[in-house]
Amino acid sequence: MTAKMSSTLQGAMEDLIKVFYRYSGNEGDKYKLNKKELKKMFQEELSEFLNGSNDPGMVEKIMTGLDDNKDGEVDFQEFVVLVAALTVACNEFFVDCLKENKGSS
Ligand SMILES: [Ca+2]
Ligand SMILES: [Ca+2]
């Protein structure tokens, strides 16, 4: 692919799409993540997030929460909701860190 220089945000979006399809294509519907695919993605891409929680049923809970149309799988649209929610959580954490750093200096 003779890609033009893409902006950071555009690159992030492309990465998001690539990550989704890397896992969604493993089995069943190529365009959706089943529970196994979702779990694999969490283990490989969000391991820190998973390790932060001691709840073994978390992937299942996330899956149920994400599956808006109740078809038992997570499609790209549902996946983006997850990423947006995680990004907001990360941002809050990041902002807290910035504030703490400011206070200590
Ligand atoms: Ca699939
Ligand atoms: Ca769904």
Side-chain angles (χ1 to χ4, degrees):
M1 203 159 60
T2 52
K4 287 174 226 156
M5 274 277 283
S6 49
S7 66
T8 308
L9 187 56
Q10 196 180 313
M13 289 169 180
E14 285 169 8
D15 285 347
L16 209 56
I17 294 167
K18 278 185 216 155
V19 167
F20 179 83
Y21 288 112
R22 190 189 305 152
Y23 292 95
S24 71
N26 284 340
E27 55 183 59
D29 192 324
K30 279 187 165 56
Y31 305 104
K32 288 174 186 170
L33 294 167
N34 63 21
K35 204 184 290 171
K36 210 169 135 194
E37 290 166 335
L38 185 73
K39 196 170 180 178
K40 193 165 190 281
M41 187 186 75
F42 263 84
Q43 283 166 342
E44 292 180 9
E45 307 289 334
L46 297 162
S47 57
E48 271 182 54
F49 183 78
L50 262 194
N51 290 341
S53 142
N54 291 319
D55 186 353
M58 198 177 73
V59 172
E60 201 140 335
K61 279 184 202 161
I62 292 170
M63 179 102 195
T64 313
L66 282 181
D67 189 14
D68 216 20
N69 59 2
K70 307 287 176 221
D71 65 350
E73 303 200 52
V74 173
D75 58 31
F76 187 73
Q77 219 173 314
E78 291 163 346
F79 169 72
V80 167
V81 173
L82 165 74
V83 174
L86 288 178
T87 308
V88 170
C90 284
N91 178 54
E92 281 164 8
F93 180 74
F94 186 69
V95 169
D96 280 348
C97 283
L98 282 180
K99 280 180 194 159
E100 273 175 33
N101 285 342
K102 249 184 200 167
S104 65
S105 62

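Note that the structure is a prediction, hence the values are computed from the model and not measured.
Annotation: the span from Ile17 atom CD1 to Glu14 atom CD amounts to 7.0 Å, rounded to 0.5 Å. Taken from CG in Asn26 to OH in Tyr21, the straight-line distance is 14.0 Å, to the nearest 0.5 Å.
Under the salt bridge (Lys or Arg N to Asp or Glu O under 4.0 Å) criterion, the residue pairs touching residues 35-46 are Arg22-Glu45, Glu27-Lys36, Lys35-Glu60, Lys40-Glu44, with sequence neighbours excluded.
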Hey, can you pull the donor-acceptor pairs under 3.5 Å for the side chains in residues 82-94, sequence neighbours left out?
residue	atom	partner	partner atom	Å
Thr87	OG1	Val83	O	2.5

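Taking the ring pair (Phe, Tyr, Trp, His ring centres under 6.0 Å) definition, one finds that Phe20 meets it with Phe76, Phe79, sequence neighbours left out. For Asp71, the salt bridge (Lys or Arg N to Asp or Glu O under 4.0 Å) criterion is met by Lys32, not counting sequence neighbours.
With hydrophobic clusters built from ILVMFWY side chains whose heavy atoms lie under 4.5 angstrom apart, Met63 does not share a cluster with Val81.
Cluster note: Leu9 groups with Met13 through ILVMFWY side-chain heavy atoms spaced under 4.5 Å, whether in direct contact or through intervening members.
Residue Asp67 comes nearest to Glu78 through the heavy atom pair OD1-OE2, 3.5 Å, listed as atom of the first residue, atom of the second, then distance.
With a 4.5 Å cut-off on side-chain heavy atoms, Leu38 and Met41 count as touching.
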